[in-house]
Each structure stands twice: as structure tokens, then as C-alpha cells.
There are 2 protein chains.
Amino acid sequence: MDSSGETRIQRENRSRILSAGLEVFSAAGFNGATLDAIARAAELSKPNLLYYFPSKKAIYTALLDRLLDTWLDPLRALDPEGEPMDEMLSYVGRKLTLARDYPRESRLFAGEILRGAPHLKSELSGPLRVLVLEKGRIVRAWMDAGHLAKSDPRHLIMSIWALTQHYADFEVQVRAVLGPGHDPWVEAEQEVITHFRRVLAP
Amino acid sequence: MDSSGETRIQRENRSRILSAGLEVFSAAGFNGATLDAIARAAELSKPNLLYYFPSKKAIYTALLDRLLDTWLDPLRALDPEGEPMDEMLSYVGRKLTLARDYPRESRLFAGEILRGAPHLKSELSGPLRVLVLEKGRIVRAWMDAGHLAKSDPRHLIMSIWALTQHYADFEVQVRAVLGPGHDPWVEAEQEVITHFRRVLAP
DNA sequence: CGTCCGTTTGACCGCATGGTCAAATGCATG
DNA sequence: CATGCATTTGACCATGCGGTCAAACGGACG
């Protein structure tokens with residue numbers, strides 16, 4: 001018995017399943033993913049999966065729920081006390097690093113949004129919207145004070161998402177265009193930072 | 001009989017099927033789409049679909065094949081004889097208009113790339129890559145001549161794709177962030193053009 | 001009117017897949 | 001060791017879906 005209400009084996013198996021689910025869902029999408037494929041990736045039998053999660057959808061939503069929070073962390077870290085241009089470019093850098101290190105999470109998220117966000121629409125118009133508005137006010141203040149070029153902060157933030165996640169979500173296309181012998185992520189770091197430095201320069 | 005080898009009814013039904021397929025595939029993805037749903041949307045019986053197309057995959061690939069060409073038209077129209085900044089911003093505008101007027105095509109494409117482009121990988125590293133390289137040389141010449149700020153033209157072109165298509169592919173997220181009372185496309189026009197004017201200004 | 005051929009359809013098939021269940025297998029504790 | 005609960009699994013079920021087929025329908029032409 002265990003005071004947390006969850007044994008070590010439960011914690012471990014749940015974690016294996018979520019990890020396997022991320023792998024399969026991000027590569028094949030919700031409809032393309034099968035319980036057998038997830039079970040195989042988790043090295044568990046199919047009925048055993050369903051001992052820990054009641055359904056395929058439950059695995060999927062468990063992943064999505066965990067995801068949004070970490071996904072927004074870089075934006076949360078935007079510091080109103082910092083130097084404006086540094087803060088913005090650091091944010092761009094953090095977001096790009098996140099996309100590079102967690103492309104499966106990025107693609108899982110992209111797939112969900114692309115299909116109309118059936119499982120987290122409320123999260124989008126709730127916490128997400130609130131955070132963007134809140135951080136948007138900080139950015140606007142920086143713009144008004146002449147530290148950054150003026151634009152709609154919400155569209156600016158979305159443009160940062162679009163550019164950074166593009167390298168993860170459309171990776172095959174990026175690799176195809178650049179051709180072999182190029183490391184997209186190395187070049188992206190340089191290009192994206194320069195890109196936003198120009199956009200933001202007052 | 002008909003000298004073109006295709007009767008009016010064939011042309012019309014094939015067109016209905018492709019239109020229905022676009023609707024269903026773009027909303028649900030390849031795996032989420034069903035022949036019954038496509039048949040319903042096309043107002044035809046399921047076996048009748050398969051009289052015109054041999055399989056579900058055939059409808060999907062027929063759509064994709066038609067798509068890439070029109071999708072690249074705005075880039076093809078980039079005129080080496082034009083005024084550099086005007087040419088680039090016109091390209092951005094055309095791409096944004098395309099995304100606004102054909103969001104289903106954009107999402108169909110996005111879904112395909114997101115899943116690793118199994119059905120048009122060769123198109124990406126072939127015609128797409130060639131076109132980007134070719135137009136990239138034009139852009140580079142403009143940069144070298146001091147008409148545009150210097151950057152890697154291929155990444156620049158991809159950033160234009162990322163930003164414009166973002167408004168179509170992630171439309172639910174954009175709407176959620178902006179909230180009601182905002183027309184994303186109206187604001188996008190203004191913001192995206194300004195965005196790239198700054199990026200491109202020498 | 002009858003024939004022929006393009007078109008349409010209801011009925012059906014096989015298979016993959018999400019999910020169930022009862023029985024078996026650990027495994028910790030008294 | 002014995003008991004009881006957590007865990008695991010093989011076998012199975014129901015359903016949805018891609019695809020087939022033989023038969024029916026329809027219209028152009030002799």
C-alpha cells in the first residue's frame with residue numbers, strides 16, 4: 001500500500017502508456033492511431049492498456065491536458081521587468097528550443113487544432129486566451145514606451161508560434177526544401193531570431 | 001459519345017466527388033474520413049463513388065496532385081523584373097488571400113505534411129524544392145543589390161508560408177485568442193503585411 | 001420498339017479495431 | 001504458507017468501414 005493512492009507499478013505503466021501514446025498519436029493522429037500500436041510501443045498487452053485507461057480517447061485527452069501547460073510555459077516566463085527586446089527574443093528562443101526538443105508534442109497539438117480542437121476548444125478560449133491577453137498588455141506597454149515597434153501584440157505572439165512550430169510540424173517539408181546537408185534547427189535558430197529582431201526593432 | 005473521352009456526366013460526377021472529398025478530408029484527415037461521408041457530401045451512393053475512383057486513396061491523391069500546383073502559383077508569379085519590396089509584399093498578400101479563400105485546401109495540405117507527407121514526399125523534394133531554389137536566387141540577388149534586408153531566402157519564403165497558412169490551419173486557435181468581434185482575416189492582412197515590410201526593409 | 005452500353009444501387013463480404021470478460025498470475029501482508 | 005488484492009492476458013464480441021458484385025436502370029441510336 002502507498003499513501004499517494006498510486007503504486008510504483010501504476011505510475012510506471014501509466015507513464016509508459018502516455019509516452020507510447022504520444023509517439024503513436026503524434027505520428028498518426030487520433031484516427032490513425034490504434035490501441036494495438038500504442039500497446040506495442042508501450043510493451044503491454046491491449047487489455048492491459050485498458051486496465052489503466054478506460055478508452056483510447058482517455059489516453060489522448062490525458063496527453064492533451066498535460067500538454068497545454070508546458071506548452072505555454074515559455075510565454076508565462078515573459079518578464080515585465082526585463083529588457084523588452086531581450087525578453088522577446090528570449091521568448092522566441094525558448095519557443096524554438098521547445099519545438100526542437102519536443103516535436104512530437106508540437107505535432108500532437110497541431111493535429112488537434114487542425115481538426116478543429118474538439119478536445120480542448122474550451123482551453124483555448126479560456127486559459128490560453130487569458131494568458132495571451134495578459135502578456136499582450138505587457139508587450140503593448142513596451143511598444144507604447146518606444147522599446148519595440150508597434151503592432152497588435154496578439155498577432156505578434158501568434159506569429160512567434162507560427163514560425164517556431166512550423167519547423168517541427170512541417171519538418172519533412174523544411175528538410176525537403178533545404179535538401180540534405182542542412183540542419184534545419186541550426187539554421188532556424190539564426191534565421192528566426194534575426195527575423196524577429198527586425199520585426200521588433202522600433 | 002464524346003471526342004474528349006469523358007462524358008459530361010463523368011466530368012460532373014468526378015468534380016462532385018473531388019469537391020466532397022476536399023470537404024471531408026480537410027475536416028477529418030485521411031483516416032478520419034469515410035467513404036460514406038464523402039458519398040453523402042457528393043450526394044452519390046458509395047458504390048457509385050468507386051465507379052469513378054478505384055479507392056479512397058485514389059480520391060485523396062487526386063486532390064493532392066491538383067493541389068500543389070495551384071498552391072505554388074503565387075510563388076511562381078514572383079517577377080524578377082519587378083520592384084523588390086513590392087514583389088515580396090504582393091507575394092505575401094497573394095498567399096494570404098489564397099489561405100483565406102481556400103482554407104480547406106490549406107488544411108488538407110497541412111494534414112498531409114504533418115503526417116510525414118507519405119503521398120507527396122517526392123513532390124516536395126522535386127518541384128517544390130526546385131521552385132524555392134529558383135525564386136530564392138532572385139530574392140538573394142535583390143538582397144545583394146541592397147533592395148532587401150539580407151537573410152536566407154529559403155527560410156524567408158518558408159516564414160511566409162508559415163505565417164499565412166497559420167491563419168487557415170489554426171483558425172480555431174486564432175479565433176479563440178482574438179475572441180468574438182474580431183475578423184481574423186481583416187486583421188491578418190494588416191498585421192502580416194506590416195510584419196514582412198519590417199523583416200524585408202534593408 | 002429493342003439493343004447496347006454507361007451508370008447506379010442494394011446486398012453483401014472480410015477485416016481491422018475498440019472494447020469486454022473471466023480466468024490466470026503475481027505479489028505483498030498477516 | 002495462506003489469503004486477498006492488484007495486475008496481466010487470451011479469447012472473444014460488435015461495429016464500422018473499404019471494397020465487390022450481380023443485377024437493375026436509363027438513355028442514345030438503329
Side-chain angles (χ1 to χ4, degrees), chain A residues 1-64 108 111-112 115 118-119, chain B residues 1-64 108 111-112 115 118-119:
Chain A
M1 200 56 66
D2 158 306
S3 65
S4 77
E6 195 184 43
T7 73
R8 192 186 67 260
I9 201 168
Q10 281 176 346
R11 221 179 2 258
E12 186 185 317
N13 277 344
R14 261 187 246 274
S15 154
R16 292 167 70 91
I17 293 170
L18 288 177
S19 177
L22 175 61
E23 182 68 28
V24 176
F25 281 129
S26 68
F30 180 80
N31 289 298
T34 73
L35 283 180
D36 290 271
I38 298 172
R40 212 176 309 129
E43 293 175 294
L44 293 172
S45 69
K46 186 171 63 167
N48 208 3
L49 278 199
L50 296 162
Y51 174 74
Y52 290 101
F53 289 87
S55 68
K56 175 181 169 183
K57 189 168 289 182
I59 303 175
Y60 184 73
T61 55
L63 280 168
L64 279 186
L108 182 72
E112 168 69 9
R115 299 297 163 236
H119 296 296
Chain B
M1 198 57 65
D2 160 305
S3 63
S4 77
E6 196 185 42
T7 73
R8 192 185 68 258
I9 203 167
Q10 280 176 347
R11 222 180 0 259
E12 185 184 316
N13 277 345
R14 261 187 245 274
S15 155
R16 291 166 72 91
I17 293 169
L18 287 176
S19 177
L22 175 61
E23 182 69 27
V24 176
F25 281 129
S26 69
F30 180 80
N31 289 298
T34 73
L35 283 179
D36 291 272
I38 298 172
R40 212 176 311 127
E43 293 175 295
L44 293 172
S45 68
K46 185 170 62 167
N48 208 3
L49 280 198
L50 296 162
Y51 175 74
Y52 290 101
F53 289 88
S55 69
K56 176 182 169 182
K57 188 168 289 183
I59 302 175
Y60 184 72
T61 54
L63 280 168
L64 279 186
L108 182 73
E112 168 69 10
R115 299 299 165 233
H119 296 296

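Letters go in sequence order (proteins before strands), and every chain restarts at 1.
At the heavy-atom level, Leu44(B) lies nowhere under 4.0 Å from the strands shown. Within the nucleic acid shown, Phe53(B) has no heavy atom closer than 4.0 Å to any nucleic acid atom.
For Pro47(A), counting side-chain heavy atoms from C-beta on, the closest listed nucleotide (dT8(C), dA11(D), dA11(C)) is dA11(D). In this structure, the nucleotide among dG10(D), dG6(C), dT7(D) sitting nearest to the side chain of Tyr51(B) is dG6(C).
Interatomic distance, CG of Leu22(B) versus CG of Leu64(B), reported as 10.0 Å (0.5 Å rounding). Residue Phe30(B) holds its CZ atom at 13.0 Å from CZ of Arg115(B), rounded to the nearest 0.5 Å.
In this structure, Lys57(A) places its NZ atom 14 Å from C1' of dG19(C), rounding to the nearest Å. Computed from coordinates, the Glu12(B) CD to dG6(C) C1' distance equals 15 Å when rounded to whole Å. Nucleotide dT20(D) holds its P atom 13 Å from the CG atom of Leu49(B), rounded to whole Å. With rounding to whole Å, Arg14(B) atom CZ is found 11 Å from dT8(C) atom P.
Phosphate contact (OP1/OP2 of dA6(D), side-chain N/O of Gln10(A), threshold under 4.0 Å): absent. Close to dT8(D), at under 4.0 Å from its OP1 or OP2, lies a side-chain N or O of Asn13(A). Contact between the side-chain N/O atoms of Asn48(B) and the OP1/OP2 oxygens of dT9(C) is found at a separation under 4.0 Å.
Residue pairs meeting the side chain to side chain donor-acceptor pair (under 3.5 Å) criterion with at least one partner in residues 17-28 of chain B, sequence neighbours excluded, are Glu23(B)-Arg104(B). Residue pairs meeting the side chain to side chain donor-acceptor pair (under 3.5 Å) criterion with at least one partner in residues 52-62 of chain A, sequence neighbours excluded, are Asn13(A)-Tyr52(A), Tyr60(A)-Glu112(A).
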Considering only distance and modelled atom types, tabulate donor-acceptor pairs under 3.5 Å from the side chains of residues 33-51 of chain A, sequence neighbours left out.
residue: Thr34(A); atom: OG1; partner: Ala37(A); partner atom: N; Å: 3.0
residue: Glu43(A); atom: OE1; partner: Arg16(A); partner atom: NH2; Å: 3.3
residue: Ser45(A); atom: OG; partner: Asn48(A); partner atom: N; Å: 3.4

Check nucleotides 13-18 of chain C for protein N or O atoms closer than 3.5 Å to its own N or O atoms and list the pairs.
residue: dG18(C); atom: OP1; partner: Ala33(A); partner atom: O; Å: 3.2
residue: dG18(C); atom: OP1; partner: Lys56(A); partner atom: NZ; Å: 3.1
residue: dG18(C); atom: OP2; partner: Leu35(A); partner atom: N; Å: 2.8
residue: dG18(C); atom: N7; partner: Lys46(A); partner atom: NZ; Å: 3.2

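Interface residues of residues 18-26 of chain B facing DNA chain D, ordered by number: none; criterion, heavy-atom separation under 4.0 Å.
Residues Phe53(B) and Ala62(B) approach most closely at CE2-CB, 4.0 Å, considering heavy atoms.
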